[in-house]
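Working notes, structure below.
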Amino acid sequence: MAISEFDIISTYFNKPGLVPDSAQQQHLPLGIGDDCALLSVPAEKQLAMSMDVLVADVHFPVDANSALLAQRALAVNLSDLAAMGARPMAFTLGLSLPDVDEQWLEGFSKGLTLSAQKYRCPLIGGDMTKGPLSITIQVHGLVDAGKAIKRSGACPGDKVYVTGTLGEAGLALKVLNNTLDKITPAEANILKQAYYQPEPRLTTGLASVGLASAAIDISDGLLADLGHIASQSKVGMRIELDKVPVSSTVQSLVGLDKALQYALSAGDDYELALTVAAEQAEMFEAKVEKCGVQLSHIGTVTAGTEVSCIDAAGNSVMLLVQGYQHF
Ligand code: ADP
Ligand code: MG
């Protein structure tokens, strides 16, 4: 007999490790099982919320490993909390499934539990329906009231930074499509891991509260996402291309020029781009270093409205960013 919706929830979602533990129940007094979940928000905090909808064959291959998909779905949401300087509290899950595939659900539940534990972000509710495969997660986090790092706070003279290295998740799409030849299994693994298990920069985001003037997580591509900060802050930026941290794996696979294109234009890396006033820069750099996260100073916020790029000699470089497609 087919497993009921109720049994799916109790077997795969309402289980220890995935739902709040006794310590977490202090702020999450009611989770799965009632009409609503309840979250207690301390008076000095604000609730930060973000949602991402991932649709099969649009955002991921329909036959993707379900444990990896679960980790990616939670990570991309947590990355939005990181970009605001919020601490994860809990998440809700909307699932549309074409059929009940218990092997898929088992893997999905395992992957979700791994990430929920790693990032201390338990599942408190959701909804399920029959339909084309799609995964929607909404995360809830806490941030000190009035202290969230917004996209709108960058000022001329601020330094522009980016965490980690860029380009791997963009090139990974070619591995998933099997359109990249001459790649070793080890290199393929590095790229797939960047795509399915991006590291949400939560500790960096928290360390940046009170220091960064603006931040964004890189989902659309470095230049496009810096453009969001620029337009919301009503500023321009000058980016030094030789300072952009291009992944060495991508560079060795496609050469520096193409690797730089991936780093600038391909999305899905989920690193943070931040702006910091010059007076705060030293303290900011020290704090991020303590997080053990690579940090690159890649440019400067300017007056104006353009995000422009210069080469090592200081000459301006025109890039067809908008026209660049990674698949
Ligand atoms: P309602 O009909 O009142 O909306 P449901 O029957 O859809 O409630 O859900 C029952 C309970 O199970 C709720 O607490 C809901 O949050 C939870 N739930 C449903 N689907 C999921 C899911 N995919 N993941 C986690 N919790 C879920
Ligand atoms: Mg109800």
Side-chain angles (χ1 to χ4, degrees), residues 1-41 45 47-82 86-142 196-198 200 202:
M1 203 181 80
I3 180 172
S4 73
E5 187 181 326
F6 178 80
D7 287 335
I8 293 175
I9 295 169
S10 65
T11 307
Y12 298 109
F13 298 117
N14 194 2
K15 56 169 224 185
L18 187 48
V19 299
D21 61 25
S22 50
Q24 291 163 331
Q25 280 165 18
Q26 208 188 328
H27 292 307
L28 302 165
L30 190 61
I32 293 175
D34 214 313
D35 293 307
C36 292
L38 296 174
L39 297 81
S40 305
V41 181
K45 301 281 185 185
L47 191 60
M49 291 206 285
S50 179
M51 173 188 279
D52 273 292
V53 180
L54 302 180
V55 178
D57 284 337
V58 178
H59 301 100
F60 61 87
V62 70
D63 58 355
N65 176 292
S66 61
L68 292 177
L69 268 184
Q71 291 171 64
R72 174 170 159 80
L74 192 50
V76 303
N77 274 279
L78 292 169
S79 175
D80 285 316
L81 292 182
R87 189 185 296 280
M89 188 183 199
F91 74 101
T92 48
L93 170 69
L95 266 187
S96 168
L97 300 172
D99 49 37
V100 176
D101 176 343
E102 290 210 60
Q103 211 179 332
W104 191 95
L105 281 164
E106 176 73 33
F108 190 79
S109 173
K110 278 205 177 125
L112 214 49
T113 304
L114 273 179
S115 294
Q117 300 242 330
K118 181 171 180 191
Y119 300 111
R120 304 273 317 136
C121 188
L123 177 64
I124 55 165
D127 195 20
M128 236 176 353
T129 179
K130 189 178 163 85
L133 178 61
S134 112
I135 303 159
T136 300
I137 285 181
Q138 181 165 39
V139 282
H140 307 74
L142 292 179
Y196 281 118
Q197 295 161 303
L202 288 159

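Just so you know, ligand 1 is whichever comes first in the structure, and atom 1 is the first atom listed for that ligand.
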* Dump the intermediate steps for side chain to side chain contact (heavy atoms under 4.5 Å, CB included) on Ile135 and Leu93, then the final yes or no. => CA-CA 7 Å; Ile135 303 159; Leu93 170 69; 4.1 Å; yes
* Does Met89 offer a backbone N or O that forms a donor-acceptor pair with the side chain of His140 under 3.5 Å? ->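 Checking the backbone N and O of Met89 against the side chain of His140, no donor-acceptor pair under 3.5 Å is found.
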* Asked: Hey, is the main chain of Gly111 close enough, under 3.5 Å, to the side chain of Gln71 for a donor-acceptor pair?
  -> no
Only distances under 3.5 Å count here; give the side-chain donor-acceptor pairs of residues 97-107 to other protein atoms, sequence neighbours excluded, each with its distance to 0.1 Å.
{"unit_1": "Asp101", "atom_1": "OD1", "unit_2": "Gln103", "atom_2": "N", "d": "3.1"}
{"unit_1": "Asp101", "atom_1": "OD1", "unit_2": "Trp104", "atom_2": "N", "d": "3.1"}
{"unit_1": "Glu102", "atom_1": "OE1", "unit_2": "Tyr12", "atom_2": "OH", "d": "2.4"}

* Quick one: which of Asp34, Ile32, Ile135 has a heavy atom closest to atom 13 (C) of ligand 1? ->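 Considering heavy atoms of Asp34, Ile32, Ile135, the nearest to atom 13 (C) of ligand 1 sits in Asp34.
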* Verdict with reasoning, Leu78 to Phe91, per side chain to side chain contact (heavy atoms under 4.5 Å, CB included) -> CA-CA 9 Å; Leu78 292 169; Phe91 74 101; over 6 Å; no
* Within reach of ligand 1, part of Asp127 (heavy-atom separation under 4.0 Å) -> both
* To do: For Asp35 and ligand 1, answer yes if some heavy atom of the residue is under 4.0 Å from a ligand atom, otherwise no.
  =>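 The answer is yes: ligand 1 sits under 4.0 Å from a heavy atom of Asp35.
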* Could an N or O of ligand 1 be found under 3.5 Å from any N or O of Gly33, whether backbone or side chain? -> yes
* Is Leu123 in polar range of ligand 1, meaning some N or O pair under 3.5 Å apart? -> no
* By number and element, which atoms of ligand 1 are closer than 4.0 Å to a non-hydrogen atom of Leu93? ->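 Every atom of ligand 1 under 4.0 Å from some heavy atom of Leu93: 22 (C), 23 (N), 24 (N).
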